[in-house]
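What follows is a short report on a single structure.
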There are 2 protein chains.
Amino acid sequence: MQWNLDQLVCLLAAADSGSFSAAARRLGKAQSAVSTAIAHLELDLGLTLFDRRRHTPVLTAEGEAMVLEAREILRQCDQLDARANALASGEESRLTLAVDEALPYPPLMEALTVLAERWPALELSLLNGAQDDIPSWVADGTADLGVLFSQPTLPEALSVRQIARLSQTAIVAADHPLAGEREVRLSTLSRHRQLVVASPLGGTPLGGTTQGGHRPARLSPRVWQLNSYYAIAELVSQGIGWALVPEHIAAYPMYRSLVSRLSISDLPEPASVDVELVRRRAAGRGPIARWLESELSARLSR
Amino acid sequence: MQWNLDQLVCLLAAADSGSFSAAARRLGKAQSAVSTAIAHLELDLGLTLFDRRRHTPVLTAEGEAMVLEAREILRQCDQLDARANALASGEESRLTLAVDEALPYPPLMEALTVLAERWPALELSLLNGAQDDIPSWVADGTADLGVLFSQPTLPEALSVRQIARLSQTAIVAADHPLAGEREVRLSTLSRHRQLVVASPLGGTPLGGTTQGGHRPARLSPRVWQLNSYYAIAELVSQGIGWALVPEHIAAYPMYRSLVSRLSISDLPEPASVDVELVRRRAAGRGPIARWLESELSARLSR
DNA sequence: TAAAAGCCATCAGGAAATCAGATAGATCAT
DNA sequence: ATGATCTATCTGATTTCCTGATGGCTTTTA
């Protein structure tokens, strides 16, 4: 392989413009440069690319085949350049996304589908984890971005942004004494055990590193804490107590027939839980991360 | 785009071997050449491809992305070279094949399927034509190769090779007086009109350009000539006469229920028709044409 | 701990490729 | 027939590229 890219450029310019002189003008070179470039290319390839018997050279069949190959190579070169420019302007070449496994899947997967089309070369890693895993993965660099349900304590090194709010519903087991009621009052609920998400488990979230993020409402004096909405739904369906969970968890096929929704008559405002996006303060701010943030925010809010 | 292919080669060698020195040894260059090549590449791309803080350089994330792009480009370059070598050794870049429309399709299509896999870049043209079209297309350069049923007269400029022999069967209309007979004698057949393929139509094939190729057997004094087996089968099914046609024509779904096969008791040898491949004397002798010739011969003979 | 080995970046000088401009021969259009 | 345009080729100058040497740095070895 003796030839170089400039010779391929000359070949395409000559093929497109129909003469070596025109190609030279287009490329801003001397005609002799194009002429010798193509002559050398022909020597290197062992082919006659142009039929020079007429006034203006005309591509041979072999020449046309080479033009097709050359065009593909230069297209790839342009792609390399484009990718280099994108990377040079800060675009991520890899992105690791950590998401709470209890988040609604469809909007997440739709966003990733669009992502795959728009940045086909991106190496994406997707980590599914429980409530507590997400911030620790982001904090230790395992993940660049994390999406999780709002929780009261987060490492200081992380920055948080609320990106959506999911409405919640109260559920009990289908055979629970409360299941028959059309509406219940808080005072009624408080006589039964409440299951809430909490992280870190059993800790007293009052330390100096506490950030915003409201803690899950404790409406009953008898509380069990778990780190997973799935575990909560599981226990609720066993009749252990009641819980506030996001709508999509209550609607999940595995639980839908086992649990019963409760409407709480005297709740000051509709129950909801925030979805937050966390990143290390310094990182996770490339163009793809920013796009993904707004995309997830839009899709989760529908 | 300032960079060149040598720099990409250096990048890959360095990435693969883990150090610039090793890459230089592998490429048969000085270490400084590799070092400056990669340094220039980094300047051109605006990226840091290697992390040089340690003893041996290690690819950055951006570097890995560029390695993937570069590998693809060099793969394409190898492909261009391979194609150039093939073309230089006489391989066709285009091939136009003219076939008699009455040839059996399945073996033809199977051969073309294999052809498409084996020479993916070949530009193939397939012309379907009647008996007379094939040799004229090959003679005037419209086609490179022709496949047709043996016919007595061919232009002098064409060379012919028999590549298969298809057995024939006699057919009459299902409601023809002969249709009930289990076996017929030639003397019986000769009392009915025979339809034969002939080309050129109505000509007296005795001119100076006559070549080998036996003319279709005229077993009856009353003969109609047509240039297409399909037209013959059509007329036979109308009860116009009887004909010798290749087995697959008699088995063609459109005619199968309309015609009846006859077995001729006193035919000296089983009726058959030769399939021939024609080319201009000078042309049609590239590797692909030769492969196609043997492939068609094998598949048509099954 | 000290020496040795291996690696990289950089520099200088020479080899090689590339380029622009000029020229001559060929082809096309008028 | 003539002028315009094209290609191939030559020449000298510029640029690029390469090798070999050197020094600084890191890792391994003694």
Side-chain angles (χ1 to χ4, degrees), chain A residues 1-60 62-64 66-67 70 73-74 77 81, chain B residues 1-60 62-64 66-67 70 73-74 77 81:
Chain A
M1 197 171 76
Q2 306 257 33
W3 46 270
N4 59 40
L5 291 176
D6 283 331
Q7 290 169 348
L8 298 190
V9 171
C10 287
L11 169 62
L12 292 193
D16 289 341
S17 57
S19 89
F20 297 174
S21 300
R25 287 191 292 271
R26 174 190 299 191
L27 297 176
K29 295 185 169 191
Q31 170 262 326
S32 59
V34 175
S35 183
T36 58
I38 289 180
H40 286 165
L41 185 60
E42 287 181 315
L43 283 176
D44 290 339
L45 298 179
L47 294 175
T48 301
L49 301 176
F50 287 91
D51 180 353
R52 296 167 168 80
R53 285 174 302 184
R54 304 221 151 277
H55 185 45
T56 68
V58 43
L59 271 178
T60 62
E62 292 88 356
E64 286 187 25
M66 289 298 104
V67 162
I73 289 176
L74 293 182
C77 290
D81 263 347
Chain B
M1 197 171 77
Q2 305 257 32
W3 46 269
N4 59 41
L5 291 176
D6 283 330
Q7 291 168 348
L8 298 189
V9 171
C10 287
L11 168 62
L12 292 192
D16 290 341
S17 57
S19 88
F20 296 173
S21 300
R25 286 190 293 270
R26 175 190 298 190
L27 297 176
K29 294 184 169 189
Q31 170 261 325
S32 58
V34 175
S35 183
T36 58
I38 289 180
H40 286 164
L41 186 59
E42 287 180 316
L43 283 177
D44 290 340
L45 298 179
L47 294 175
T48 301
L49 300 176
F50 288 91
D51 180 354
R52 297 168 169 81
R53 284 174 303 183
R54 305 222 148 275
H55 185 46
T56 69
V58 43
L59 271 179
T60 61
E62 292 88 357
E64 286 188 25
M66 288 298 104
V67 163
I73 289 176
L74 293 182
C77 289
D81 263 347

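To find a chain, count down the sequence lines: A is the first, B the second, and so on, and within it residues start at 1.
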Could you tell me how far apart [X] ([atom1]) and [N] ([atom2]) are, to the nearest whole angstrom?
| X | N | atom1 | atom2 | result |
| --- | --- | --- | --- | --- |
| A:W3 | C:dA17 | CH2 | P | 17 Å |
| A:D51 | D:dT7 | CG | P | 13 Å |
| A:D6 | D:dT16 | CG | P | 12 Å |
| B:K29 | C:dA15 | NZ | P | 19 Å |

Close approaches to DNA chain D from residues 34-44 of chain A, in residue order (heavy atom, under 4.0 Å): A:S35, A:T36
Members of residues 9-25 of chain A that approach DNA chain D, where some heavy atom sits under 4.0 Å away: A:S19, A:F20, A:S21, A:R25
Residue pairs involving residues 6-15 of chain A (criterion side chain to side chain donor-acceptor pair (under 3.5 Å); sequence neighbours excluded):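 For residues 6-15 of chain A: none.
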Pairs flagged by side chain to side chain donor-acceptor pair (under 3.5 Å) wherever residues 9-20 of chain B is involved - sequence neighbours left out: B:D16-B:R71
C:dA17 phosphate, OP1 or OP2, under 4.0 Å from A:N4 side-chain N/O: no
Those residues that, when tested against B:D81, pass side-chain hydrogen bond (donor to acceptor under 3.5 Å, both in side chains) (two or more places apart):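 So B:D81 forms a side-chain hydrogen bond (donor to acceptor under 3.5 Å, both in side chains) with A:W3.
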To the closest 0.5 Å, what do you measure between [atom1] ([X]) and [atom2] ([Y])?
| X | Y | atom1 | atom2 | result |
| --- | --- | --- | --- | --- |
| A:L5 | B:C77 | CG | SG | 6.5 Å |
| B:M66 | B:L11 | CE | CG | 9.0 Å |
| B:L59 | B:T48 | CG | OG1 | 12.0 Å |

Summary of protein contacts for nucleotides 21-30 of chain C, nucleotide by nucleotide, where a base hit scores B, a sugar-phosphate-only hit scores S (4.0 Å, heavy atoms): B-----BS--
Contacts of B:R53 that satisfy salt bridge (Lys or Arg N to Asp or Glu O under 4.0 Å) - sequence neighbours left out: B:D51
Qualifying ring pair (Phe, Tyr, Trp, His ring centres under 6.0 Å) pairs, either residue in residues 37-58 of chain A, two or more places apart: A:F20-A:F50
Between the first and last five pairs of the helix from C:dT1-D:dA30 to C:dT30-D:dA1, the angle of the axes, rounded to 10 degrees: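 For the helix from C:dT1-D:dA30 to C:dT30-D:dA1, the axes at either end differ by 30°.
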Pairs where residues 26-48 of chain A contributes a residue and the test salt bridge (charged side-chain N to carboxylate O under 4.0 Å, His left out) is met, not counting sequence neighbours: A:E42-A:R52
Looking at every heavy atom in both [X] and [Y], which two are closest together, and how far apart are they?
| X | Y | value |
| --- | --- | --- |
| A:A14 | A:I38 | CB-CD1, 3.6 Å |
| A:L8 | A:A70 | CD2-CB, 4.1 Å |
| B:L27 | B:V34 | CD1-CG2, 4.5 Å |

Donor-acceptor contact below 3.5 Å, side chain B:S35 vs main chain B:Q31: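 Judged by distance alone, no pair lies under 3.5 Å.
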